[in-house]
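This report refers to the structure that appears directly beneath it.
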2 protein chains.
Amino acid sequence: MRLSTRGHYGLLAMFDLAEHYGAGPIPLKMVAERQNISDNYLEQLIAVLRKAGLVRSVRGSQGGYILAREPGSITVGEIIRAMEGPIAPVECVSEVEPTECDQADSCITRLVWTRVRDKLVEVMDSISLGDMLRDAERLSVSRKA
Amino acid sequence: MRLSTRGHYGLLAMFDLAEHYGAGPIPLKMVAERQNISDNYLEQLIAVLRKAGLVRSVRGSQGGYILAREPGSITVGEIIRAMEGPIAPVECVSEVEPTECDQADSCITRLVWTRVRDKLVEVMDSISLGDMLRDAERLSVSRKA
DNA sequence: AAATATCTTAGCATTCCGCTCGGATTTTGT
DNA sequence: ACAAAATCCGAGCGGAATGCTAAGATATTT
């Protein structure tokens with residue numbers, strides 16, 4: 001029941017961009033350094049996020065990456081789907097195009113996995129990068145106190 | 001965000017044993033046949049469930065496997081933990097012995113994964129094999145109607 | 001033209017997955 | 001005693017995915 005590092009790193013990178021939202025394009029090297037990820041590897045991962053329409057890129061000197069939308073409108077669920085594909089504990093309850101097995105209609109375990117999937121979707125889609133920024137704010141305030 | 005077939009098959013096998021609970025030891029070949037799993041492979045998987053104390057085995061002719069406890073007291077969460085290890089979307093929020101990263105206390109994504117983990121645990125620990133038997137009963141009744 | 005970035009593709013070592021297979025051991029029934 | 005039916009145990013293995021590294025092509029700014 002693990003995420004690969006793709007989803008893990010993807011969210012880290014997106015949150016980093018959210019923290020610098022409004023400051024123009026952020027070079028990937030900065031993100032990689034701050035989040036402690038190989039920048040060569042992150043380059044490949046951010047390409048996926050770009051193709052999914054979650055970030056915009058600016059090429060050339062002074063270039064970098066910017067969130068495609070404001071942090072409040074980008075959810076963890078979107079990011080994870082982009083990085084790891086449809087959310088589903090097992091293939092037969094995938095959000096899109098589940099490959100049905102022959103006893104799908106009498107399969108009780110399928111009901112279980114559907115409930116698990118629904119909970120996953122519910123929590124991931126309910127958290128936005130904006131929410132995470134607020135959490136960070138609260139956390140840093142309580143730290144200073 | 002996928003389970004391996006280990007967890008998938010593990011639950012199928014345990015549910016099969018639950019359906020025949022009280023009928024004495026069930027040979028693994030029967031389970032494998034009904035659930036359409038390679039019996040050689042299932043043999044390895046059931047060994048894990050046995051070592052976790054979820055099933056008892058009876059060797060020799062007329063032998064087989066029996067749930068170690070009644071279906072109502074065995075949860076999906078227990079089975080998945082046995083087959084796949086501690087429930088956690090990322091390692092740093094593992095239920096047991098999380099390997100902390102150096103910025104663990106200021107990591108916002110960690111808060112997200114903790115919430116995801118908690119939801120997973122909540123739903124998996126709330127469903128027992130007994131619950132699944134009731135679901136199967138309801139489903140077969142509504143099918144006949 | 002130089003510097004700074006993104007973009008794209010190839011490759012690669014390691015690990016995990018999902019098995020197969022062979023045989024040892026235990027128990028029951030004839 | 002013997003055969004049959006089962007669990008037990010470990011070795012091995014092909015294929016796929018993971019998590020990178022590396023090298024260069026392209027675009028943009030200064």
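A, B, ... follow the sequence lines: proteins, then strands. Residue 1 opens every chain. The figures that follow rest on heavy atoms only: side chains count, while hydrogens, waters and symmetry mates do not.
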Let me check something: any side-chain donor-acceptor pairs from residues 42-51 of chain B under 3.5 Å, sequence neighbours excluded? List them with distances.
none

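- Residues in residues 77-94 of chain B take part in these salt bridge (Lys or Arg N to Asp or Glu O under 4.0 Å) pairs, two or more places apart or across chains: B/R69-B/E78, B/R81-B/E95, B/R81-B/D125.
- If A/S57 and A/Q62 are placed on DNA chain C by their nearest nucleotide, the residue sitting closer to the 5' end is A/Q62.
- Atom-to-atom, CE of B/M30 to P of D/dA6 comes out at 7 Å; the value is rounded to the nearest Å.
- Remark: A/S61 engages no residue in a side-chain contact (heavy atoms from CB on, under 4.5 Å) (not counting sequence neighbours).
- Taken to the nearest 0.5 Å, the CD1 atom of B/I79 stands 10.5 Å off from the CZ atom of B/F15.
- Going from atom CG of A/L49 over to atom P of C/dC7 covers 12 Å, rounded to whole Å.
- For the pair A/N36 CG and D/dC20 C1', the computed distance is 14 Å after rounding to whole Å.
- Under the side chain to side chain donor-acceptor pair (under 3.5 Å) criterion, B/N36 pairs with no residue, sequence neighbours left out.
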| message | Using a 4.0 Å heavy-atom cut-off to protein, can you give one letter per nucleotide of nucleotides 15-24 of chain C, 5' to 3': B if the base is in contact, S if only the sugar-phosphate is, - if neither? | response | ---BBBB---
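- Rounded to whole Å, atom C1' of D/dA6 lies 13 Å from atom CD1 of B/I66.
- Put simply, CZ on A/R56 is 14 Å from P on C/dT6, counting in whole angstrom units.
- Screening residues 14-28 of chain A for salt bridge (Lys or Arg N to Asp or Glu O under 4.0 Å), with sequence neighbours left out, gives A/D16-A/R34.
- Rounded to whole Å, the distance from CD1 on A/I46 to P on C/dT6 is 9 Å.
- Here A/R2 does not reach the OP1 or OP2 of D/dT18: none of its side-chain N or O atoms lies under 4.0 Å away.
- Rounded to whole Å, the distance from CG on B/L45 to C1' on D/dC8 is 14 Å.
- In terms of heavy atoms, A/S38 sits closest to A/A32 at C-CB, 4.5 Å.
- Between the CG atom of B/L28 and the P atom of D/dC9 there is a distance of 14 Å, rounded to whole Å.
- If you find the closest nucleotide of DNA chain C to A/K51 and to A/G60, the one lying nearer the 5' end belongs to A/G60.
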